[in-house]
There are 2 protein chains.
Amino acid sequence: MRTQNLETLQRIARLGSFSLAAEEANMTLSSVSMQMKALEEELGAELFDRASRPPRLTPLGRRVAEQAGNVLHEDQVLRELCSIGEGLAGTFRLGVISSYATRLIPKFLQMAPMNAPGAEFDVSTGLSSDLSASVLSGRLDAAVVTRAGREDPLLRFDTMGRDPMVLALPKGARGETLRQLADELRFLHFQPLSGIGRVIADTLAKHKIDVRRARIFDSIETTMECVNIGIGFTLLPEPDVKRYAAADVKILQPKIGRVEREVALVTRIEPSAERWRGALLDMLATTERLAQGEQKRTAAGMDD
Amino acid sequence: MRTQNLETLQRIARLGSFSLAAEEANMTLSSVSMQMKALEEELGAELFDRASRPPRLTPLGRRVAEQAGNVLHEDQVLRELCSIGEGLAGTFRLGVISSYATRLIPKFLQMAPMNAPGAEFDVSTGLSSDLSASVLSGRLDAAVVTRAGREDPLLRFDTMGRDPMVLALPKGARGETLRQLADELRFLHFQPLSGIGRVIADTLAKHKIDVRRARIFDSIETTMECVNIGIGFTLLPEPDVKRYAAADVKILQPKIGRVEREVALVTRIEPSAERWRGALLDMLATTERLAQGEQKRTAAGMDD
DNA sequence: AGTTTAAGTTCAGATATTCTAAAGCTATGC
DNA sequence: GCATAGCTTTAGAATATCTGAACTTAAACT
């Protein structure tokens with residue numbers, strides 16, 4: 001089936017004759033005639049009654065011309081998908097680290113239809129290392145991960161932002177440095193296989209801090225809840241700590257220098273990704289900005 | 001645009017590689033490759049990332065493959081319209097004489113989706129002569145009309161049924177023959193330009209009956225309402241008289257012999273009409289049978 | 001790390017399709 | 001009945017598409 005033939009059929013139905021259709025489409029009359037002959041042959045149906053001089057559409061031909069409109073409409077939608085110059089067009093399989101998902105995904109999905117009407121997003125969550133591996137193997141197109149250590153040279157990491165890591169201490173804790181606190185309290189260690197966990201483990205190792213009796217959690221919310229009720233202290237990104245900390249939890253910058261987790265968009269290095277990587281980064285940045293603004297407003301509201 | 005290319009794209013998206021798609025479709029691998037190259041060219045879009053060896057769909061390619069499904073689905077609908085062997089397929093522009101419309105159209109439109117799922121009907125009403133002219137000129141595909149006198153040789157009339165014409169007399173009328181009644185009462189003459197009107201006029205002329213003070217109406221319901229309240233008598237098809245007559249109205253066979261109106265389906269004589277004329281006649285006959293059954297049941301119900 | 005294999009791409013030629021222009025029909029209108 | 005407009009047909013040219021073979025290369029396997 002060739003869509004041009006359906007267009008010609010529609011034109012004939014609209015204009016009432018082969019010759020007017022030919023004129024409008026800048027084709028020869030014989031082309032029009034041959035196209036319709038081919039269409040009838042392919043469909044195995046009589047679309048025209050050729051006994052009368054402008055050939056008359058049969059009832060079936062009339063209906064087929066109508067249905068041709070549906071086919072052509074879907075075809076048009078397809079072409080418009082492809083002619084979105086700027087902006088995102090396509091179905092993107094996007095991964096987001098669990099520790100960032102809460103902050104990003106709801107707002108992102110809410111904004112997506114406005115920011116990128118030509119795009120669909122299949123979002124999934126996981127650990128930085130798994131997500132990076134999925135991007136590398138092609139199961140995902142892109143992922144938001146925490147940067148850490150060695151990075152595959154086939155992948156590209158575009159930093160989206162840096163969150164300072166802060167200490168969250170339960171009410172009554174006395175120490176002020178990581179080392180002091182590690183002696184005094186149980187350390188709540190975020191899953192070392194995750195990006196944040198790697199940052200934490202690297203920091204502890206670098207300063208040779210021994211956290212005896214550490215507990216491992218793989219949920220930020222759970223970890224903070226444990227801090228809230230005094231089970232131990234932890235080291236986590238500031239925005240997450242502020243989101244979940246109870247009013248009496250003490251928040252400190254670690255004295256051992258700035259500790260950060262760096263959040264990045266990871267994509268494969270390949271020519272076709274150049275078309276959309278920038279737009280996706282823009283969109284994520286916009287979302288982040290809006291989400292942070294909202295969080296601040298919420299926090300402000302809570303102060304009242 | 002060629003739908004085959006979209007099918008190939010879908011196959012690749014489903015099977016994951018060009019070669020599997022080629023195998024499934026019994027094509028050579030190079031055909032598949034060339035089709036996809038042509039599709040990308042036509043759409044002006046990169047659908048595949050050819051750096052990796054089964055070429056990977058880009059996000060846009062994934063979305064296009066999905067939308068291709070919509071195009072192909074509409075195409076399939078179109079083909080199925082054409083492959084309805086028996087039965088009606090198409091959009092039929094159908095005329096029905098006003099004096100028959102009440103009896104036929106509601107039931108007909110109600111049954112249509114079941115009886116002829118592949119058909120649509122644009123129904124209009126009018127006089128037999130106008131409807132026949134419309135069929136002849138192609139504004140209608142077929143019409144249900146009253147047969148009368150000379151018929152165009154380019155048209156074909158298939159009789160659907162015959163309604164005996166009966167006299168309807170108001171309460172207290174004394175005459176028993178048309179002639180007696182014409183002397184006694186005002187004659188309510190149905191629109192002589194219509195089919196029924198022609199039958200009436202022909203009958204009166206044939207028997208040289210003079211209906212002084214006749215009144216002309218172009219609605220059966222109005223005519224019968226006038227009989228009901230004693231304004232005059234009339235001669236109309238039995239089913240219509242029975243439908244609208246008040247309980248005290250007297251109904252008589254005319255003594256001058258059987259007077260009938262013959263209802264027929266009129267269509268152009270042309271090869272393509274052969275495909276559907278029979279099916280349409282069947283459908284109308286079925287509808288009529290059901291409608292009559294219903295009318296009888298209603299009448300029986302009223303007797304209770 | 002080098003080799004093999006499988007999977008795509010490209011090319012040249014064969015085949016099929018579609019177009020144009022001209023000639024041929026035939027309803028329709030005068 | 002004749003003229004004309006409108007469609008069909010035909011032949012040949014221009015395109016497009018397919019096949020099979022040679023070529024390339026990513027991924028898998030020593």
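A, B, ... follow the sequence lines: proteins, then strands. Residue 1 opens every chain.
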Met34(B) atom CE is separated from dT19(D) atom P, nearest whole Å, by 9 Å
Leu29(A) CG to dT18(C) P, in whole Å, measures 18 Å
Between CD of Glu41(A) and P of dT8(D) the distance, given in whole Å, is 14 Å
If the cut-off is 4.0 Å, is Gln35(B) near the phosphate of dC18(D), judged by side-chain N/O to OP1 or OP2? yes
Taking OP1 and OP2 of dC18(D), is either one under 4.0 Å from a side-chain nitrogen or oxygen of Thr28(B)?
no
Residue-phosphate contact under 4.0 Å: Lys37(A) side-chain N/O, dT9(D) OP1/OP2 | yes
note: Glu42(A), atom CD; dT18(C), atom C1'; distance rounded to Å ~ 14 Å
Got a donor-acceptor pair under 3.5 Å from the side chain of Ser30(A) to the base of dA22(C)? no
Under a 4.0 Å heavy-atom cutoff, the residues of residues 1-16 of chain A touching DNA chain C are Arg2(A), Gln4(A)
Quick one: is Ser33(A) getting a side-chain N or O under 4.0 Å of the dT8(D) phosphate, OP1 or OP2? yes
Within residues 17-26 of chain A, the residues having a heavy atom closer than 4.0 Å to DNA chain C are none
Within residues 43-62 of chain B, those residues having any heavy atom closer than 4.0 Å to DNA chain C are Arg50(B), Arg53(B), Pro54(B), Pro55(B)
